[in-house]
Amino acid sequence: MTDYQTMREVRVRFAPSPTGSLHIGGVRTALYNYLIARKAGGKFIIRIEDTDQTRFVPGAEQYIYNSLEWLGLVADESPLVGGPHAPYKQSERMDIYAGYAKQLIDSDCAYYAFDTAEELDAARKAVPDNTFQYNAATRMNLRNSLSLSKDEVDQMLRNGVPHVIRLKVPKKDEIRLNDLIRGWVMVHTSTMDDKVLLKSDGMPTYHLANVVDDYLMNISHVIRGEEWLPSAPTHVLLYRFFGWEDRMPQFAHLPLLLKPTGDGKLSKRDGEAFGFPVFPLQWFDDQRGINIAGYKEEGYLPEALLNFLALLGWNPGTEQEMFSLEELVEAFSIDRIGKAGTRFDIQKAKWFNHHYLQLRPDSYFMESVRPIVVEAGLNSTDENLSKWIHLVKDRSTFLKDVVTEIQAVVTPPDLYDETIVASKWNEDARKGLSHFAQSLQNLADWDAASIKHFFNTEMEGLGIKPGKVLQLLRVVLTGTGAGPDLMTIIELLGKEEAAGRINKALTVLP
RNA sequence: GGUCCGUUCGUCUAGGGGUUAGGACACGUCCCUUUCACGGAUGAAACACGGGUUCGAUUCCCGUACGGACUACCA
């Protein structure tokens with residue numbers, strides 16, 4: 001590493017392509033970029049790579065901003081907030097790329113190619129097993145400014161014959177790059193392709209645009225998924241040809257997020273196959289005309305998703321596993337990022353969500369809980385709503401669990417667990433429950449502990465073991481044999497409702 | 001097919017020439033709870049294989065196997 005590299009201001013970019021919804025692997029890449037920038041006191045930049053007009057998807061760009069905003073990954077420079085190197089959207093930078101491509105032509109580092117799609121197709125088919133390469137070995141047999149006469153080329157250019165500009169990869173050379181995660185990677189140029197730099201529509205390809213923009217925006221580290229590793233040598237060659245080697249960013253290729261089955265990287269379609277979201281936010285699938293729920297809609301908390309994602313491929317080297325974003329910034333370092341692909345395990349995400357849900361204040365639950373308690377005609381003061389929340393919170397992984405758990409208790413049962421009734425319902429139970437419902441009116445202190453004590457003493461007064469009727473009490477009140485603390489349920493239901501439910505059961509049950 | 005990358009419990013991972021190979025998720029058992037869950041405790045569970053190097057390799061080197069990525073005028 002040169003002195004320049006060590007002293008250089010850290011400037012990293014997240015460079016998504018707005019060709020569809022951002023997927024969860026992209027979110028992790030954004031997170032790692034963000035953490036590296038913040039840790040170093042550098043800049044986190046968002047650059048939109050929309051050079052492919054044919055794949056433009058309306059709303060995709062806004063979706064990226066919304067997703068990052070939800071997660072709190074704030075950019076220092078972006079199409080939204082601008083910055084010293086604006087514009088940050090490649091489609092708005094079109095005027096700069098052709099000049100750089102021409103510069104490469106002039107220095108004999110690139111050339112014009114006139115092969116049509118059909119011709120290339122034929123060339124590929126002429127050799128077996130997908131072994132075709134457009135490079136030093138084959139380029140003289142194809143139609144380009146290296147194989148054609150200067151007159152021919154000039155004439156075609158003048159006549160506007162469609163053409164691309166290709167990188168002239170040296171025949172015999174070695175490209176080496178020192179990846180921050182993988183160490184030295186060496187590739188011989190004979191195995192590389194003469195990649196297209198400028199497309200026939202005048203748009204740059206990813207390879208050109210990415211290198212030019214990273215240079216112009218003074219990017220210090222390129223942190224991206226491992227799927228880019230094979231094309232990294234092409235990028236290194238580009239820096240060399242442009243004479244920018246001293247300003248070349250350092251590369252870090254992140255391990256991929258794999259399907260839970262381990263066979264292949266996680267893809268956008270996997271959400272349905274495996275039953276968990278692969279998008280941060282809800283996404284409308286245009287082709288199928290359906291909305292696909294994201295992490296947010298499924299009830300995941302941003303702090304939980306962030307914590308989960310951070311640990312997918314990185315570890316702090318300590319046994320700490322709960323990290324706020326700020327703590328992640330503090331603890332993060334590139335050298336603790338793993339090399340191997342990481343399978344996606346939604347169980348762990350749920351576990352994090354449960355943890356962070358417990359940390360949320362009552363106010364987070366209040367407005368979801370209020371309507372169902374009001375609807376049931378029960379006491380809905382904030383104080384009581386808070387009690388309802390605490391009754392079920394620790395058994396909930398998502399906000400929606402809190403709602404359904406409370407809903408289940410608040411709704412009077414119309415069916416009673418048959419197995420329990422069949423095995424436990426008898427005269428003693430009937431007598432005990434009947435008596436309890438009556439005598440409840442006399443209980444002065446209305447709280448769970450008092451109710452419990454009262455229940456026990458009343459049953460014992462009747463010569464009935466409390467345990468014999470306790471589960472039945474739950475069944476007549478809620479319909480089921482399992483659930484949150486029964487005495488608190490009675491407290492929250494109130495005397496009238498509790499007694500009413502017991503009496504109703506007494507008339508319905510044998 | 002070619003190029004590149006990878007390989008520690010089922011999963012995420014720590015570790016690293018001599019360790020009882022550590023933690024977490026999930027799972028089992030027990031405790032708590034006269035319920036379920038939460039919580040607590042505890043258990044089962046891993047160094048892909050073969051050669052080297054070495055007194056000694058899971059750790060270093062080389063192969064093999066397996067897996068993955070890439071192989072577009074997509075990013």
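Below, chains carry the letters A, B, ... as their sequence lines are ordered, and counting in each starts from 1.
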Checklist outcome for this item: Out of B:rC25, B:rC5, B:rU3, minimum distance to the side chain of A:Val185 belongs to B:rC5
Please write out each protein N/O paired with an N/O of nucleotides 69-71 of chain B under 3.5 Å, distance rounded to 0.1 Å.
unit_1	atom_1	unit_2	atom_2	d
B:rA69	OP1	A:Lys265	N	3.1
B:rC70	OP1	A:Lys265	NZ	3.0

Next on the checklist: Among residues at least two apart in sequence or on other chains, which ones pass side-chain hydrogen bond (donor to acceptor under 3.5 Å, both in side chains) with A:Ser324?
Outcome noted: A:Glu326, A:Glu327
Checklist entry - Which nucleotide, B:rC12, B:rG15, B:rC4, lies nearest any side-chain atom of A:Arg343? => result B:rC12
Next on the checklist: For a quick test of reading the model: is some side-chain N or O of A:Thr342 closer than 4.0 Å to OP1 or OP2 of B:rU13?
Outcome noted: yes
Next on the checklist: Measuring to OP1 and OP2 of B:rA14, would you say a side-chain N or O of A:Thr318 lies under 4.0 angstrom away?
Outcome noted: no
Next on the checklist: Side chain of A:Lys339 only, heavy atoms from C-beta on: which candidate in B:rC12, B:rA75, B:rG6 is closest?
Outcome noted: B:rG6
Checklist entry - Out of B:rU11, B:rA75, B:rU3, which has the shortest distance to the side chain of A:Asp345? => result B:rU11
Checklist entry - What is the nucleic acid contact for A:Gly313, judged by heavy atoms within less than 4.0 Å: base, sugar-phosphate only, or nothing? => result sugar-phosphate
Checklist outcome for this item: By the Watson-Crick or G-U definition, both distances under 3.5 Å, B:rG39 is matched with B:rC31
Item to check | Candidates B:rA75, B:rG6, B:rU34 - which lies nearest the side chain of A:Lys452 | outcome: B:rU34
Item to check | Under the salt bridge (charged side-chain N to carboxylate O under 4.0 Å, His left out) test, residues paired with A:Arg343 that sit two or more places apart | outcome: none
Item to check | Pairwise side chain to side chain donor-acceptor pair (under 3.5 Å) hits with a residue in residues 201-214 of chain A, at least two apart | outcome: A:Arg13-A:Asp214, A:Arg47-A:Asp214, A:Gln90-A:Asp213, A:Arg93-A:Asp213, A:Tyr97-A:Asp213, A:Tyr206-A:Asn210, A:Tyr206-A:Arg224, A:His207-A:His235
Item to check | A:Phe454 and A:Phe436 aromatic ring geometry - parallel, tilted or perpendicular at 30°/60° bounds | outcome: tilted
Next on the checklist: If you only use heavy atoms from C-beta on, which nucleotide in B:rC4, B:rG1, B:rC12 is closest to the side chain of A:Thr131?
Outcome noted: B:rG1
Checklist entry - Heavy atoms under 4.0 Å, any strand shown: does A:Arg182 hit a base, just sugar-phosphate, or nothing? => result sugar-phosphate
Item to check | Partner residues of A:Gln62 under the side-chain hydrogen bond (donor to acceptor under 3.5 Å, both in side chains) criterion, sequence neighbours left out | outcome: A:Asn66
Checklist entry - With respect to the side chain of A:Lys199, which nucleotide from B:rC25, B:rG6, B:rC74 is positioned closest? => result B:rC74
Checklist outcome for this item: Checking B:rA14, B:rG23, B:rC5 against the side chain of A:Asn315 (C-beta onward), the nearest is B:rA14
Checklist entry - Which side chain to side chain donor-acceptor pair (under 3.5 Å) pairs, counting each pair once, include a residue from residues 303-316 of chain A, with sequence neighbours left out? => result A:Glu303-A:Arg360, A:Asn307-A:Tyr356, A:Asn315-A:Arg336
Checklist entry - For B:rA45, what is the paired nucleotide under Watson-Crick or G-U wobble rules, both distances under 3.5 Å? => result none
Item to check | Letter per nucleotide, 5' to 3', of nucleotides 35-46 of chain B [B base touched, S only sugar-phosphate touched, - untouched; heavy atoms, 4.0 Å] | outcome: BBBS--------
Checklist entry - What does A:Arg124 touch in the nucleic acid at a heavy-atom separation under 4.0 angstrom: a base, only the sugar-phosphate, or nothing? => result sugar-phosphate
Checklist entry - Counting only side-chain N and O atoms of A:Arg166, is one of them less than 4.0 Å from OP1 or OP2 of B:rA72? => result no
Checklist entry - At under 4.0 Å between heavy atoms, what does A:Met203 touch on the DNA or RNA strands: base, sugar-phosphate, or nothing? => result nothing
Checklist entry - How would you list, by chain and number, every residue that makes a side-chain contact (heavy atoms from CB on, under 4.5 Å) with A:Asp263, sequence neighbours excluded? => result A:Lys259, A:Thr261
Checklist entry - Is it the case that A:Lys400 places NZ or CZ above or below the six-membered ring of A:Phe398, under 6.0 angstrom from the centre and within 45 degrees of the axis? => result yes
Item to check | Phosphate OP1/OP2 of B:rA75: any A:Arg55 side-chain N/O under 4.0 Å | outcome: no
Checklist entry - Rounded to the Å, how far apart are A:Asn456 CG and B:rU34 P? => result 9 Å
Item to check | G-U wobble or Watson-Crick pairing nucleotide for B:rG1 (cut-off 3.5 Å, both distances) | outcome: B:rU71
Checklist entry - Across the strands shown, which category fits A:Val196 at heavy-atom distances under 4.0 angstrom: base, sugar-phosphate, nothing? => result sugar-phosphate
Checklist entry - Which is true for A:Pro204 with a 4.0 Å heavy-atom rule: it touches a base, it touches only sugar-phosphate, or it touches nothing? => result sugar-phosphate
Checklist outcome for this item: With sequence neighbours left out, the residues meeting side-chain contact (heavy atoms from CB on, under 4.5 Å) with A:Val278 are A:Leu266, A:Phe276
Item to check | Complement of B:rG6, any strand, by Watson-Crick or G-U distances under 3.5 angstrom | outcome: B:rC66
